[in-house]
Amino acid sequence: MEDTWTVAGRTFQSRLIVGTGKYKDLPETAAAIEASGAEIVTVAVRRVNIADSGQPMLQDYVDPKKYTYLPNTAGCHTARDAVRTLRLAREAGGWNLVKLEVLGPPPHLYPDMPATMEAAEALIKDGFEVMVYCADDPLAATRLEELGCVAIMPLGAPIGSGLGIQNPAMLSMMIEQAKVPLLVDAGVGTASDAAIGMELGCTAVLMNSAIAHAGNPVLMARAMKAAVEAGRLAYLAKRMPRRMGADPSSPLAGLIR
Amino acid sequence: MQQATADGLELTVNGERRRFPAPLTVAGLLAELDLDIRKVAVERNEEIVRRATYAETMLTSGDVLEIVHFIGGG
């Protein structure tokens with residue numbers, strides 16, 4: 001059964017998008033991404049170290065021809081910084097599909113929605129295709145869609161918290177109304193969290209820390225691949241109704257007397 | 001900010017002030033820094049420099065450059 005998804009005219013098989021940060025080193029990054037089966041990876045844009053330009057680069061380990069790089073705006077706290085960063089990313093990579101995130105201060109790093117909307121508007125006007133990290137706010141999500149964002153990516157819990165999906169009811173409502181792909185971005189801690197996101201009906205799940213900070217990142221990447229697939233299949237299969245009470249699994253007829 | 005002199009020009013590259021031999025293009029600067037042009041992007045005085053124009057974009061003293069690349073991120 002073919003079960004693909006499409007964002008900004010690009011079609012993907014894998015419903016797992018992974019970050020490339022927080023790994024021990026670049027070989028581990030490459031091995032975990034390979035094991036995850038992801039086709040899209042998020043990347044950050046930073047100054048090169050001009051004092052030591054011989055250092056290995058991400059592209060040497062994670063081939064941009066094999067994986068779709070999704071540049072992010074991590075670390076940007078204003079719309080201006082986000083736009084400037086992604087203009088550089090577009091020049092470095094030559095593509096316009098990006099992940100916009102404009103965050104408030106620690107300890108929450110909660111999406112700053114007014115600044116996010118300002119940045120989204122400027123980026124879309126400049127020809128970018130914007131996948132947007134956002135609060136689990138259905139009104140904000142609708143507004144972002146109206147602005148022309150190509151995917152809505154609410155958090156399941158704060159970035160890097162690993163708390164799991166804290167807001168399944170709100171996410172379900174947002175999935176219900178979304179006309180573009182809706183992805184859970186941030187909050188996943190372990191495989192069951194990813195499965196829950198997919199069972200809710202998310203188009204895909206985006207994660208970084210849950211894999212990179214696992215005891216064995218490569219093994220966890222495999223677990224996440226399986227969990228996203230399992231959750232997706234369960235969503236398509238439509239779960240049984242919940243009932244308050246038991247219902248025997250074996251027939252009662254033909255019991256011996 | 002110092003002006004261009006016969007013995008070179010002063011640029012701010014990624015926040016660091018450095019002297020370079022003049023004349024210098026963006027392509028020349030990247031070669032000087034030993035950077036692979038296919039893996040970086042350059043902003044000059046807050047304007048993107050298109051890769052196709054690196055060889056013809058002359059730098060002048062006082063220019064502020066940002067040279068970035070992709071790194072691991074979530």
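Proteins come first, then strands; the chains are lettered A, B, ... in the order of their sequence lines, and each starts at number 1.
Among residues 208-221 of chain A, the residues having any heavy atom closer than 4.5 Å to a heavy atom of chain B are, in sequence order, A:Asn208. Contacts from residues 43-51 of chain A to chain B, taken as heavy-atom pairs separated by less than 4.5 Å, involve A:Val43, A:Ala44, A:Val45, A:Arg46, A:Arg47, A:Val48, A:Ile50 in sequence order.
Under the 4.5 Å side-chain criterion, counting only non-hydrogen atoms from C-beta, B:Leu35 is not in contact with B:His69. Contact of the A:Arg84 side chain with the B:Glu66 side chain is registered, since non-hydrogen atoms from C-beta on lie closer than 4.5 Å. Within the 4.5 Å cutoff, side-chain heavy atoms of A:Ile159 are placed close to those of A:Tyr133. The shortest side-chain heavy-atom distance between A:Ile17 and A:Met131 falls under the 4.5 Å cut-off. A:Cys202 is not listed as a side-chain neighbour of A:Leu183, based on a closest heavy-atom distance of 4.5 Å or more. Put simply, the side chain of B:Thr25 does not reach to within 4.5 Å of the side chain of B:Thr57, judged on heavy atoms.
Heavy-atom distances place both the backbone and the side chain of B:Arg50 under 4.5 Å from chain A. With a 4.5 Å cut-off on non-hydrogen atoms, A:Ala89 touches chain B through its backbone and its side chain both. Contact of B:Ile67 with chain A is made through backbone and side chain together, with heavy-atom distances under 4.5 Å. Proximity to chain B is limited to the side chain of A:Asp60, based on heavy atoms less than 4.5 angstrom apart. No part of A:Tyr61 comes within reach of chain B, as not one of its non-hydrogen atoms sits under 4.5 angstrom from that chain.
Ion pair A:Glu121/A:Lys125 not flagged as a salt bridge, since none of the NZ, NE, NH1 or NH2 atoms sits closer than 4.0 Å to an Asp/Glu carboxylate oxygen. Salt bridge annotation for B:Glu10-B:Arg17: present, with a cationic side-chain nitrogen under 4.0 angstrom from a carboxylate oxygen.
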Report task. Verify side-chain contact (heavy atoms from CB on, under 4.5 Å) between B:Phe20 and B:Leu33, making sure each step is shown before the conclusion. Result -> CA-CA 10 Å; B:Phe20 292 90; B:Leu33 295 171; 4.2 Å; yes
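Counted by atom type alone, B:Thr60 and B:Asp63 present one or more donor-acceptor pairs between their side chains at under 3.5 Å.
Note on A:Met207, A:Lys22, A:Arg87: by heavy-atom pairs under 4.5 Å with chain B, the leading option is A:Arg87. Here B:Asn14 is the residue among B:Asn14, B:Val40, B:Asp36 with the most heavy-atom pairs under 4.5 Å with chain A.
Residue-environment remark: CD (B:Glu56) exceeds the threshold of 12 foreign heavy atoms within 6.0 Å.
Under the 30°/60° scheme for interplanar angles, the aromatic rings of A:Tyr69 and B:Phe70 are found to stand perpendicular.
For B:Gly72 against A:Leu58, the heavy-atom pair with the smallest separation is N-CD2, 4.0 Å.
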